[in-house]
Q: 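Sharing a structure, written as structure tokens. Questions coming.
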Amino acid sequence: MSSHGDKVAIDCYTCQANKMDGRESARHAHVLETALTVFLRHGFRKTSMEDIAQAANISRQGIYLHFKDKDAIFSASIQKTLDDGLQAANRILDDESLALKEKLLKALDEWFGRHVGLLHPEASDLKGQCERVLGDAVGKSRSAFKKALEKVILGQSARKTKGADKRAAIIADMLCICGETWKHGFSSRQEFSKKMYDAIHLCCRDL
């Protein structure tokens, strides 16, 4: 009887621990997403840990429990958005129920579109700070995304002729250049998506 009671107690403890882990994970994600929004609005130098704490509606001490300084939370917030964007894009590109152009549009929207209109002119120092804190992590993620585009373009191309791989690479490169440019050039995600649709239609019309 006591053994059964012990098992129930252990199961309850495990359940509670999982719930706490889930809440903590959600809170951590919320802080990082909020931090990124603040950095995009004010830039790295003008953003303080207090600014992030207030925006995330937690105490300054709560921020420091997880991140030792501004570099740490900046690095984590950028890395999270890179990882989230790449995972979301890959899920779309692996979805066999979608046609090629729909895959490309949805994937490009996940990678670039989610940032449309968020970068404030005051945040012009973010690129340099990314290189300082993260090294080539941003470049590696961009390269991985572009390679994923190349793979799906080549795989679904009807023209399996000589040089098809080079053609797929050129199309992926052009779409990424458009996406990188337009995510800063448009104020709405809808506008970005419409322009991206036109670019995909033009680049892929002969596939």
Side-chain angles (χ1 to χ4, degrees), residues 29 32-33 36-37 39-40 74-121 123-207:
L32 290 179
E33 289 163 3
L36 180 65
T37 300
F39 282 125
L40 288 171
F74 178 71
S75 175
S77 67
I78 296 296
Q79 191 63 61
K80 181 182 185 304
T81 196
L82 291 172
D83 292 344
D84 288 352
L86 196 55
Q87 288 173 15
N90 281 332
R91 282 195 298 270
I92 291 165
L93 294 174
D94 289 339
D95 187 346
E96 295 303 323
S97 69
L98 301 176
L100 174 61
K101 292 180 182 179
E102 189 177 4
K103 282 186 180 185
L104 295 177
L105 181 61
K106 288 178 176 290
L108 287 158
D109 182 64
E110 283 292 346
W111 185 252
F112 295 112
R114 63 169 63 191
H115 303 298
V116 171
L118 298 180
L119 185 66
H120 194 275
S124 58
D125 65 341
L126 291 188
K127 182 178 179 181
Q129 295 298 334
C130 279
E131 293 173 354
R132 178 183 68 82
V133 176
L134 287 161
D136 62 349
V138 175
K140 285 181 177 179
S141 292
R142 286 174 178 166
S143 179
F145 174 71
K146 190 169 76 169
K147 287 293 183 184
L149 290 186
E150 288 179 31
K151 182 180 177 181
V152 76
I153 292 168
L154 181 61
Q156 296 198 24
S157 173
R159 299 177 62 183
K160 300 293 195 302
T161 56
K162 183 179 179 181
D165 54 343
K166 184 178 180 180
R167 179 180 175 81
I170 291 172
I171 292 173
D173 193 43
M174 290 176 66
L175 292 176
C176 284
I177 290 171
C178 289
E180 186 67 33
T181 302
W182 292 337
K183 78 175 182 180
H184 300 306
F186 295 125
S187 58
S188 75
R189 194 166 177 174
Q190 183 178 8
E191 191 178 10
F192 169 87
S193 183
K194 183 178 183 301
K195 194 73 172 178
M196 205 75 250
Y197 173 84
D198 292 338
I200 292 168
H201 182 71
L202 183 63
C203 288
C204 300
R205 63 182 177 180
D206 294 327
L207 290 179

Q: Taking the side chain from Ser141 and the backbone from Ala137, do they hold a donor-acceptor pair closer than 3.5 Å?
A: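 The answer is yes, because a donor-acceptor pair under 3.5 Å joins these two groups.
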Q: Could you tell me the separation between the CG atom of Leu108 and the CH2 atom of Trp182, rounded to the nearest 0.5 Å?
A: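 Those atoms lie 10.0 Å apart.
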Q: Kindly give the heavy-atom pair with the smallest separation between Glu180 and Phe112, and that separation in Å.
A: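 Residues Glu180 and Phe112, closest heavy atoms: OE1-CE2, 3.3 Å.
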Q: Could you tell me the separation between the CZ atom of Arg132 and the OG atom of Ser75, rounded to the nearest 0.5 Å?
A: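 Reported to 0.5 Å precision, the distance equals 10.0 Å.
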Q: When rounded to the nearest 0.5 angstrom, what is the spacing between CD1 in Ile200 and CZ in Arg205?
A: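 Going from the CD1 atom of Ile200 to the CZ atom of Arg205 covers 14.5 Å.
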Q: Can you tell if the side chain of Tyr197 reaches within under 4.5 Å of the side chain of Lys101, non-hydrogen atoms only?
A: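 Heavy-atom side-chain distance check fails, nothing below 4.5 Å.
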Q: Side chains of Leu126 and Leu40, heavy atoms from C-beta outward: is any pair under 4.5 Å?
A: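 Side-chain contact under 4.5 Å: yes.
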Q: Please round to the nearest 0.5 Å and tell me the distance separating atom CD1 of Ile78 and atom CG of Leu32.
A: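 The CD1 atom of Ile78 sits 10.0 Å away from the CG atom of Leu32.
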Q: side-chain hydrogen bond (donor to acceptor under 3.5 Å, both in side chains), that's the test. Do Asp83 and Gln87 meet it? Break it down for me.
A: CA-CA 6 Å; Asp83 292 344; Gln87 288 173 15; 5.5 Å; no
Q: Return the CG to CH2 distance between Leu175 and Trp111, rounded to the nearest 0.5 Å.
A: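 So the gap between those two atoms works out to 15.0 Å.
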Q: Heavy-atom distance under 4.5 Å between the side chains of Leu134 and Gln79, does that happen here?
A: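 Yes - at least one pair of side-chain heavy atoms lies under 4.5 Å apart.
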Q: For Asp95, enumerate each residue passing the salt bridge (Lys or Arg N to Asp or Glu O under 4.0 Å) test, keeping only those at least two apart in sequence or located in another chain.
A: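 With neighbours one apart ignored, the set is empty.
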Q: Answer whether the closest heavy-atom distance between the side chains of Leu202 and Asp198 falls below 4.5 Å.
A: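 No, their side chains stay 4.5 Å or more apart.
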Q: Hey, mind stepping through Leu119 and His184 against side chain to side chain contact (heavy atoms under 4.5 Å, CB included) and telling me if it holds?
A: CA-CA 7 Å; Leu119 185 66; His184 300 306; 3.4 Å; yes
Q: Could you state the interatomic distance from OG1 (Thr181) to NZ (Lys195), rounded to the nearest 0.5 Å?
A: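 Answer for the OG1-NZ pair, Thr181 versus Lys195, is 11.5 Å.
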Q: For Leu154 and Asp165, work out which heavy atoms get closest and say how close.
A: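 Between these two residues, the closest heavy atoms are CD1-N, 3.8 Å.
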Q: Is the backbone of Ser77 close enough, under 3.5 Å, to the side chain of Thr81 for a donor and an acceptor to pair up by distance?
A: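 No, Thr81 side chain to Ser77 backbone: no donor-acceptor pair under 3.5 Å.
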Q: Hey, does Val138 have a side-chain heavy atom less than 4.5 Å from the side chain of Glu131?
A: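 A side-chain contact under 4.5 Å is absent here.
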Q: Can you tell me if NE2 on His201 sees more than 12 non-hydrogen neighbours from other groups inside 6.0 Å?
A: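 No, the 6.0 Å shell around NE2 holds no more than 12 heavy atoms from other groups.
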Q: Looking at Ile153 and Leu100, what are the two nearest heavy atoms and their distance?
A: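 Smallest interatomic distance, heavy atoms only, reads CA-CD1, 4.1 Å.
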Q: Excluding sequence neighbours, so at least two apart, what forms side-chain hydrogen bond (donor to acceptor under 3.5 Å, both in side chains) with Lys146?
A: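 Partners of Lys146 under the side-chain hydrogen bond (donor to acceptor under 3.5 Å, both in side chains) test: Asp173.
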Q: For Leu98 and Lys106, which heavy atoms make the closest approach, and how far apart are they?
A: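 So the minimum-distance heavy-atom pair works out to CD1-CD, 4.0 Å.
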Q: Indicate yes or no: at least one non-hydrogen side-chain atom of Leu104 is less than 4.5 angstrom from one of Gln156.
A: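 Of all side-chain heavy-atom pairs linking Gln156 with Leu104, none is under 4.5 Å.
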Q: Would you indicate whether Lys80, at its atom NZ, is surrounded by more than 12 heavy atoms from other residues, nucleotides or ligands within a distance under 6.0 Å?
A: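 Count over threshold, so yes.
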Q: Report yes or no: does Ser193 contribute a side-chain atom to a donor-acceptor pair with the main-chain N or O of Arg189 at less than 3.5 Å?
A: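 Judged by distance alone, no pair lies under 3.5 Å.
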Q: Of all residues at least two apart in sequence or in a different chain, which pass the ring-ring contact (aromatic ring centres under 6.0 Å, His included) check with Phe192?
A: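 Expected list: none.
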Q: Show the nearest heavy-atom pair for residues Val116 and Ser187, with the distance to one decimal.
A: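 In this case the closest contact between Val116 and Ser187 is CG1-C, 4.0 Å.
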Q: Carefully, step by step, assess Lys103 and Glu96 under the rule side chain to side chain contact (heavy atoms under 4.5 Å, CB included).
A: CA-CA 9 Å; Lys103 282 186 180 185; Glu96 295 303 323; 4.0 Å; yes
Q: Does Glu110 offer a backbone N or O that forms a donor-acceptor pair with the side chain of Arg114 under 3.5 Å?
A: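 Flag set: sc Arg114 to bb Glu110 pair under 3.5 Å.
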Q: Quick check: closest heavy atoms across Ile171 and Cys203, and the distance to 0.1 Å?
A: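 Closest pair (atom of Ile171, atom of Cys203, distance): CD1-O, 3.5 Å.
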